[in-house]
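Numbering of ligands and ligand atoms starts at 1, following listing order. Note: hydrogens, waters and symmetry copies are ignored here, and every other heavy atom, side chains too, is used.
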Amino acid sequence: GLLRRIRIRNALPKALVHAEFELYFQPQIQPFSDRVLGFEALLRWHSPELGEVAPLDFIGVAEESRMILPIGTWVLQNACATLHELNRQYNADFFIAVNVSGIQLYSDTFVEEVLAILKENVLSPHLLELEITESVLLSHERGTIQKLNMLYAHGVRIALDDFGTGFSSLGMLKDLKITTLKIDKSFVQDKKNLALMEMMIRLGHIIGTQTVAEGVETEEQMHQARRLGSERVQGFLTARPMPLSALKSYISSRTE
Ligand code: C2E
Ligand code: MG
Ligand code: MG
């Protein structure tokens with residue numbers, strides 16, 4: 001309710017300096033081989049006053065107050081540093097997917113910041129996938145598409161998150177360079193409308209992107225993602241988002 005929102009707004013400014021944030025990681029796997037390809041970083045806030053606060057309850061508040069700028073920088077830095085550590089420890093080339101808010105993209109220094117963070121962490125740009133939602137592009141903020149295309153030109157991967165839930169899904173594909181379509185879980189989980197999921201996967205292939213089936217919770221959904229040719233699958237069936245220590249056990253158990 002409103003009171004909680006106010007308490008979130010009051011508690012948020014201290015969260016970063018008091019180190020109350022943590023990144024969780026959720027694997028994305030190749031549906032045929034079960035091979036782990038990479039991870040999506042998902043932000044968690046352990047607040048001493050409010051308890052666990054879900055991202056959907058505080059990201060909006062952080063955007064309004066522009067706190068999302070330092071938080072977003074922390075997320076990018078932390079995600080990239082963790083990936084560097086994991087790839088070294090497991091001699092792997094996993095990628096990391098990071099959610100980016102529109103407010104971050106509208107900032108003039110966003111492109112430089114991303115490139116600087118990659119460099120500091122000695123990461124190849126193609127190991128970073130930035131996830132953006134369609135709403136980011138609908139706002140007529142100038143330069144957003146150019147900034148994303150510039151990062152794409154540097155090799156950074158660009159994913160459209162929650163694909164299919166926005167309004168202008170097709171129109172934006174004219175101008176924006178993307179590498180990945182993340183098909184929203186509402187399509188992946190809807191048995192009666194498999195045709196829509198199939199269409200989105202085919203669309204992805206026609207325009208030369210990979211597709212990720214999000215929110216795969218059952219064997220049946222996994223089977224469909226495999227049958228329809230989605231390159232990647234992410235969901236509770238494979239693994240829930242988990243802290244770094246659990247992620248390491250997960251990777252170890254799969255690579256023996
Ligand atoms: P998203 O980017 O679409 O992330 C996927 C969400 O689906 C995550 O929720 C994840 O826990 C959940 N999920 C994964 N597999 C399944 C499944 O099989 N079934 C179901 N029902 N859910 C599944 P989470 O972690 O609560 O994050 C919610 C949203 O908050 C994210 O949606 C993203 O939009 C935003 N978010 C999270 N972390 C960040 C961040 O670091 N920065 C920004 N700007 N937004 C973030
Ligand atoms: Mg996402
Ligand atoms: Mg999503």
Side-chain angles (χ1 to χ4, degrees), residues 8 12 15-16 20-29 31 38-46 52-83 95-107 110 113-114 117 128-136 139 157-166 169 178-190 197 200 210-222 224-225 230 232-243 246-247 250:
I8 288 172
L12 202 52
L16 204 52
E20 294 165 12
F21 290 118
E22 182 181 9
L23 286 186
Y24 273 32
F25 302 91
Q26 188 179 31
Q28 289 185 6
I29 64 155
F39 319 100
E40 179 175 7
L42 292 158
L43 187 57
R44 296 292 178 261
W45 178 15
H46 316 292
E52 294 300 308
V53 190
L56 290 176
D57 291 339
F58 70 83
I59 296 285
V61 177
E63 287 177 334
E64 275 168 32
S65 65
R66 299 180 69 79
M67 273 289 295
I68 194 69
L69 288 174
I71 295 172
T73 301
W74 180 87
V75 169
L76 265 168
Q77 168 58 40
N78 205 300
C80 287
T82 303
L83 185 70
F95 67 84
I96 191 84
V98 176
N99 294 285
V100 170
S101 150
I103 309 293
Q104 289 172 272
L105 266 172
Y106 306 151
S107 139
F110 183 69
E113 176 181 299
V114 171
I117 289 173
L128 176 63
E129 184 160 275
L130 299 179
E131 295 194 0
I132 54 162
T133 55
E134 298 173 51
S135 57
V136 165
S139 86
R157 302 207 272 181
I158 309 293
L160 268 189
D161 205 350
D162 307 335
F163 186 72
T165 59
S169 308
I178 59 167
T179 38
T180 309
L181 285 184
K182 291 194 82 175
I183 300 167
D184 190 71
K185 51 178 162 282
S186 59
F187 298 98
V188 174
Q189 296 175 349
D190 184 357
M197 178 170 162
M200 288 186 252
Q210 296 200 345
T211 57
V212 183
E214 273 196 303
V216 169
E217 294 181 356
T218 67
E219 286 293 353
E220 190 182 359
Q221 290 158 7
M222 180 67 88
Q224 295 306 341
S230 187
R232 300 185 230 156
V233 158
Q234 176 180 349
F236 293 170
L237 181 67
T238 305
R240 288 184 177 255
M242 58 191 120
L247 181 69
Y250 172 87

### Query
Nearest protein heavy-atom contact for atom 30 (O) of ligand 1: which residue, which atom, what distance?
P55 CB, 3.4 Å

### Task
Would you tell me which option among V136, L237, V100, D162 has the nearest heavy-atom contact to atom 3 (O) of ligand 1?
D162

### Task
Specify whether W45 and F58 have parallel, tilted or perpendicular ring planes, treating 30° as the upper limit for parallel and 60° as the lower limit for perpendicular.
perpendicular

### Summary
Residue, atom and distance of the protein heavy atom nearest atom 16 (C) of ligand 1 read F236 CE2, 3.2 Å

### Task
May I ask you to decide if the ring planes of F21 and W74 are parallel, tilted or perpendicular, using 30° and 60° as cut-offs?
tilted

### Query
From atom 1 (P) of ligand 1, is the closest protein heavy-atom distance below 4.0 Å?
yes

#### Entry: Where ligand 1 meets S101 - atom numbers and elements under 4.0 angstrom, heavy-atom basis
44 (N)

### Query
For atom 42 (N) of ligand 1, what is the nearest protein heavy atom, given as residue, atom name and distance?
N99 O, 3.5 Å

### Task
Could you see which bit of D161 sits under 4.0 Å from ligand 1, with heavy atoms only: side chain, backbone, both or neither?
side chain

### Task
Would you mind checking if K182 and E40 are paired as a salt bridge, meaning a charged N to carboxylate O distance below 4.0 Å?
yes

#### Entry: Option of least heavy-atom distance to atom 38 (N) of ligand 1 (set: I59, V233, L43, N78)
L43

### Query
With distance as the sole test, does Q77 use its side chain to make a donor-acceptor pair with the main-chain N or O of T73 at under 3.5 Å?
no

### Task
Do me a favour and list the nearest non-hydrogen protein atom to atom 14 (C) of ligand 1 with residue, atom name and distance?
Q26 OE1, 3.1 Å

### Query
Does R44 have a heavy atom less than 4.0 Å from any atom of ligand 1?
yes

### Task
Return the set of protein N, O or S atoms whose distance to the Mg ion (ligand 2) is under 2.8 Å, each given as residue and atom.
E40 OE2, N99 OD1, E131 OE1, D161 OD2

### Task
Identify, for atom 6 (C) of ligand 1, the protein heavy atom at the shortest distance, and state residue, atom and that distance.
K185 NZ, 3.8 Å

